[in-house]
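Reckoned from all heavy atoms, side chains included, excluding hydrogens, waters and symmetry mates. Worth saying up front: this structure is predicted, and the values here are computed from it rather than measured. A, B, ... follow the sequence lines: proteins, then strands. Residue 1 opens every chain.
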Amino acid sequence: MVERELRLELEKTHQSGDWGGTLTPEMIEYAARDVEVLLPLYEVLMAKIEEADLSDAAEIEHRVLPAVVWMSCAGVPIDAEGWREHARISEEDAALLKDELEVLAPEHPDGKAWNFGSHQQVRKAAKLLGVDLPDTRDETLALYATDNNFIAALRDYRKAAKLASTYGAGWLETGYHEDGRIYASWRQLRAATGRMACDHPNLQNIPRSGLLRSYVRAPEGRIFVVADYSQIELRIAAKISGDLEMLSAYAEGRDLHTLTAQNLTGREDVSEDERKLAKAVNFGLLYGMGTKGLTFYALRSYGVAMSLEEAALYCRRFFETYLGLKRWHEHERRVWQRGETETRTLTGRRRMDVEKLTDRLNAPVQGTGADGLKLALALLWERMSESPGTTPVLVCHDEVVVECDAEQVGEAKAWLEKAMIEGMDTVLNGTDKGHVPVEVEGRIARSWGDGG
DNA sequence: GCCAAGTGCGCC
DNA sequence: AAAGGGCGCACTTGGC
C-alpha cells in the first residue's frame, strides 16, 4: 500500500456559488486551496500509479490529453444542408413503410392503431398471425420474414425508423454550431478497456452504408486524410497469444481472413463469400464465442447462414489451425478458474473486477488497440509543427481522420501514417520493432464517406 | 412529468 | 457446460 495519502476535506459549499460577481474573502480562500492541493495530490497519485505498475499506461494518457483537447476544439466539419435533406427523406421513407406495415398488420383487438415501436405490441400482432416470437431482434425476425409479409415489412420499417430517429434532424442539434462544425464531447478514458468514447453526438456510430458519412465533409479549400489500421485486433491477438501460424502469416504480409478461409475449406482458392465467413469466424472465436453464438453472429454481422453442425466444424478447424490461440484460451481459462479478476494490456493498462472468461480474452486485445491509437494521437500533437494547419477531427477505434489545407495533403498523409504506425508499433512490439508488422492504409478524401 | 431498466441497433 | 467484447441513443415500460 501507498503510505502517503492526502487526508484533506475540501470545502464544497462555494462550488456552486455565484462566481460571476464580487468574490468574498471566503471564496478567494476556497479557490486558493483548490489549486494549492493539486501539487501534493499529484505526488500522491503518481506514487499510487507507480505502485500499481501503471506508469506506462498513465504516461500515454497524459501525453494524449492535449491531443484530445486539440481534436475536441477543432470540431468536425459537417454539410448541414445535406444532412437535413437526408433526414427529411429518411422521415418520409419511414412514414411510407409504416403505412405499408399497417396494411399488412392484423386488426388491433381494441380497434386502436398499433405502435410498432413497442416489442410487446409487435409480439401480439405477430401472434395474431400465428407467429410466436421469442423476441423481436432482427435476426429473429429474419427467420420468419420469408413466410410472413408483415414481419418482412416490419424489418424494412425498423431499418428506416432507426435512420430517421437516431440520425435524423435531431442528431445535428446536439453539437452543431453555426460555423458549420460539430463540437462533440470526446471522452478520453470512457470504456472499461481503455477505449475512448464520444457523445452529443456520438461520431463513432454513424452508419457506414448510405450517404450519412458523406456529409462529414471538409470545407472549401480543405481536405481529409482518413487512415485506419489493417486487422489490428488480430495482430494484437497474435502478439499476445504468440500463435506461430498467425505470426508467420503477418510476417509474410499475408491476409489472415484469407488464411482462415483456406484452412476452413481446405482449398487454396477461396471465394469472397468464404473469406467473409472466415472473418466472422476469426472475430467471433477469438474472444471465446460458442457455436450457437457463432451462427447468430455470422448471420447478423456478415449475412452468412450456417447450421450448428457447420459452426462446430468451423470451431474445431479454427483451433486446429491456430494452436497458440487455443493455448492462450486454455491458459486464460485456468487463470479465470483460480479466481483472478485482473487483466492488463501490453502497456500494463489494468482492468479490474473481470468476472467473465470472455472479458479476460477481449480486454487486453481491445485495450492494447486503444493504447496504440492513443500513443499515435499523442505523437500527432507532439509533431504538430511537421504538418502545419493539420488537425485530427475524429477517431474511431482503429481509424483517424485529419483535416488539412488541400495543398498540404501529401505531407499530412505521410505525417499521419508515420505516427499511427509508430504509436501502435511501440505498444505492440516495444523495442522489438516490427515483430508484428503494423499496416496503415491512408486515403485522401473530401468526405468521410469517400472511398474506403 | 421524471427516472431507471429493458430492448434493440448503429459503429469498431 | 457454456461463452464474443466495447460504446451511445431512441424508444417503451413500469414505478413514483
Answer yes or no: does a side-chain N or O of [X] lie under 4.0 Å from OP1 or OP2 of [N]?
X      : N      : value
A:R190 : C:dG8  : yes
A:S165 : C:dC9  : no
A:R208 : B:dG10 : no
A:R213 : B:dC11 : no
A:S118 : C:dT13 : yes
A:Q231 : B:dC12 : no
A:Q120 : C:dT12 : no
A:K292 : C:dG4  : no

Under 4.0 Å between any heavy atoms, over every strand shown, what does [X] touch: base, sugar-phosphate, or nothing? Just pick one.
X      : result
A:E399 : nothing
A:G288 : base
A:R360 : nothing
A:L286 : nothing
A:K356 : sugar-phosphate
A:A192 : sugar-phosphate
A:T136 : sugar-phosphate

Measure [atom1]/[X] against [atom2]/[N] and give the value in whole Å, please.
X      : N      : atom1 : atom2 : answer
A:Q204 : C:dG6  : CD    : C1'   : 10 Å
A:L394 : C:dG8  : CG    : P     : 16 Å
A:W114 : C:dT12 : CH2   : P     : 15 Å
A:E91  : C:dA10 : CD    : P     : 13 Å
A:Y167 : C:dG8  : OH    : P     : 13 Å
A:L203 : C:dG6  : CG    : P     : 22 Å
A:N205 : B:dC9  : CG    : C1'   : 9 Å
A:N362 : B:dC12 : CG    : P     : 16 Å

Options [options], nucleotide nearest the side-chain atoms of [X]:
X      : options               : value
A:R333 : C:dT12, B:dG8, C:dA2  : C:dA2
A:D398 : B:dT7, B:dG10, B:dC12 : B:dC12
A:D359 : B:dC9, C:dG6, C:dT13  : C:dG6
A:R137 : B:dG8, C:dC9, C:dA1   : B:dG8
A:N202 : C:dG8, B:dC11, B:dT7  : C:dG8
A:T166 : B:dC9, B:dC12, C:dA10 : C:dA10

ask   = In terms of the angle between their ring planes, are A:F283 and A:H257 parallel, tilted or perpendicular, with boundaries placed at 30° and 60°?
value =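 It falls in the perpendicular class, over 60°.
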message = Salt bridge check, A:E92 against A:R88: does any charged N sit closer than 4.0 Å to a carboxylate O?
response =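 Salt bridge flag = yes for A:E92 with A:R88.
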Check: A:H329 ring centroid to A:Y322 ring centroid under 6.0 Å =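 Between A:H329 and A:Y322, the centre distance exceeds or equals 6.0 Å.
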A side-chain contact here means heavy atoms from C-beta on lying under 4.5 Å apart; do [X] and [Y] qualify?
X      : Y      : answer
A:V401 : A:V395 : no
A:W114 : A:E102 : no
A:R217 : A:I78  : no

inquiry  = Working to the nearest 0.5 angstrom, can you tell me the gap between A:Y229 OH and A:E399 CD?
reply    =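 Reported value, rounded in 0.5 Å steps: 11.5 Å.
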ask   = Hey, which of these two, A:T358 or A:W171, hits DNA chain C nearer its 5' end, going by closest nucleotide?
value =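 That would be A:T358.
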ask   = Can you find an N or O donor on one side and an acceptor on the other, under 3.5 Å apart, linking the side chain of A:R195 with the base of B:dC12?
value =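 Side chain to base: pair present.
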